[in-house]
Structures are given as structure tokens and as C-alpha cells.
Amino acid sequence: MFGMELIFDSLVINFLLGLFSVLLIYWYSIRNHDYWEKKGVRYAEPYPFIGSLFDALRKPLHEVECDRYNGLGRVYGHFEGKNPLISIGDPKLLREVLVKDFQFFTSRRIDRGDPVQKESFNIFIAELN
């Protein structure tokens, strides 16, 4: 009788700890998903754990970006996991951010890609105008 209570209590405690851990991880993955809503910026709807990357799994990235640009406007937010990112499709605003206000945007990505791809991306941005 004593052994059954010990096993049953252990299972309940382990189940509750596991459930609490899963809920905590879920909360941690979605806790920042209202970031763009608070800022008043239109954004692509995020999913738990992966953010807005789910669309890029179904279609090529350039099609996803074009759809978001056409649907959400020239400036929109999206998420990479729980991290908020902003995409700017307006060349004038992009110049403002990358040249004049460069020192205020400290968390830029380091892009070590092919220079040809960088130029084609810049052309793609310019063609959206």
C-alpha cells in the first residue's frame, strides 16, 4: 500500500512539472508576439516557436516578401521565432535608416553573402517603388 501511494504521487508530480514546463516554454515563445501591435505597425501573424517563418516553408522567400509587401504595405513587421524584425520596402526610408540614422540601429545583421545577391536584393527593393 505504501509503494502504490509513492508511485502515484510521483507520477502526479512529474505530470504537473512536465505540464508546467511545456506551458512555460510556450509562454516564452509567444511573449513578444504583440510587439508590433503595441508599436502600431502592421505585421505578419506569428506562430508559436517559429514566428512568421512558416510562410517561407511553403513558398519561396521572394514570393512571401512580395505578398507581405502588397498586403501589409511598404513597412511591416514580422518575427523570427520570438524576435521582432522590420522590413522596409520604401527606398527613401531605407536610405534614411541605413545612412542618416545608422548609429541608432545597432542590432543589424552581419551579411557575409555573395555581393551579386546583395545587388539583386537592392534592385528588388528599388523595383517595388
Side-chain angles (χ1 to χ4, degrees):
M1 179 116 155
F2 178 71
M4 292 302 288
E5 290 174 0
L6 184 62
I7 291 173
F8 182 71
D9 289 343
S10 174
L11 286 175
V12 170
I13 291 172
N14 285 334
F15 176 76
L16 291 176
L17 284 174
L19 182 65
F20 178 73
S21 298
V22 168
L23 290 175
L24 187 65
I25 291 170
Y26 176 77
W27 172 80
Y28 182 74
S29 75
I30 66 165
R31 72 185 173 113
N32 205 23
H33 284 181
D34 60 347
Y35 180 83
W36 293 119
E37 187 175 353
K38 289 178 184 176
K39 303 280 185 197
V41 176
R42 297 177 73 179
Y43 63 97
E45 195 64 38
Y47 296 100
F49 302 108
I50 60 171
S52 303
L53 296 174
F54 185 70
D55 296 335
L57 297 175
R58 296 183 295 163
K59 292 193 276 187
L61 186 59
H62 68 279
E63 289 181 15
V64 172
E65 291 294 327
C66 282
D67 291 344
R68 289 179 181 170
Y69 177 85
N70 292 331
L72 298 173
R74 292 177 176 234
V75 177
Y76 63 88
H78 53 99
F79 293 89
E80 198 173 69
K82 66 177 183 62
N83 300 323
L85 302 173
I86 193 162
S87 290
I88 301 171
D90 185 11
K92 292 177 185 176
L93 183 58
L94 194 60
R95 178 180 168 84
E96 188 82 22
V97 169
L98 293 177
V99 176
K100 296 181 181 177
D101 295 332
F102 187 77
Q103 69 274 11
F104 298 114
F105 294 93
T106 58
S107 60
R108 295 175 296 276
R109 291 186 179 183
I110 298 172
D111 190 6
R112 297 186 179 119
D114 187 16
V116 174
Q117 290 178 349
K118 290 180 190 175
E119 291 299 320
S120 63
F121 181 74
N122 290 337
I123 292 169
F124 175 72
I125 292 292
E127 289 176 351
L128 292 176
N129 188 6

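Computed from heavy atoms alone, side chains included, the values below leave out hydrogens, waters and symmetry copies. All residue numbers refer to positions in the sequence shown, counting from 1.
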**Q.** All side chain to side chain contact (heavy atoms under 4.5 Å, CB included) counterparts of Asp34, not counting sequence neighbours
**A.** Glu37, Lys38

Identify the two heavy atoms, one from [X] and one from [Y], that lie closest to each other, and give their separation to 0.1 Å.
{"X": "Ser52", "Y": "Pro46", "value": "OG-CA, 3.9 Å"}
{"X": "Ile88", "Y": "Leu94", "value": "CG2-N, 3.9 Å"}
{"X": "Ala56", "Y": "Leu61", "value": "CB-CD1, 4.1 Å"}

Q. Taking only residues two or more places apart in sequence, or in another chain, which ones meet Asn32 in a side-chain hydrogen bond (donor to acceptor under 3.5 Å, both in side chains)?
A. none

Q. Linking I/L/V/M/F/W/Y whenever any side-chain heavy atoms sit under 4.5 Å apart, do Leu93 and Trp36 land together?
A. yes

Q) Which pairs with one or both residues in residues 40-56 pass salt bridge (Lys or Arg N to Asp or Glu O under 4.0 Å), sequence neighbours excluded? A) Asp55-Arg58, Asp55-Arg68

(Q) Holding to salt bridge (charged side-chain N to carboxylate O under 4.0 Å, His left out), I want the full list of residues that pass it with Lys39, two or more places apart in sequence or in another chain. (A) none

Q.
Show, in sequence, the C-alpha distance, side-chain angles and deciding distance for Val41 and Tyr35, and conclude whether the side chain to side chain contact (heavy atoms under 4.5 Å, CB included) test is met.
A. CA-CA 9 Å; Val41 176; Tyr35 180 83; over 6 Å; no

Q. Going from NE2 on His33 to NZ on Lys82, what distance comes out if it is rounded to the nearest 0.5 angstrom?
A. 9.0 Å

**Q.** Atom pair NE2 (His62) and CG (Asp67), whose distance is rounded to the nearest 0.5 Å
**A.** 9.5 Å

(Q) One pair to check against side chain to side chain contact (heavy atoms under 4.5 Å, CB included): Phe79 and Tyr43. What are the steps and the verdict? (A) CA-CA 9 Å; Phe79 293 89; Tyr43 63 97; 4.0 Å; yes

Q: Tell me, yes or no, whether the heavy-atom count around Tyr28 atom OH, taken from other residues, nucleotides or ligands under 6.0 Å, exceeds 12.
A: no

Q | Partners passing ring pair (Phe, Tyr, Trp, His ring centres under 6.0 Å) against Phe54 (at least two apart in sequence or in another chain) | A | Tyr47

Q. Who passes ring pair (Phe, Tyr, Trp, His ring centres under 6.0 Å) against Tyr76, sequence neighbours left out?
A. His78

In residues 13-25, what donor-acceptor pairs under 3.5 Å come from side-chain atoms, sequence neighbours left out?
| unit_1 | atom_1 | unit_2 | atom_2 | d |
| --- | --- | --- | --- | --- |
| Asn14 | ND2 | Ser10 | O | 3.2 |
| Ser21 | OG | Leu17 | O | 2.8 |

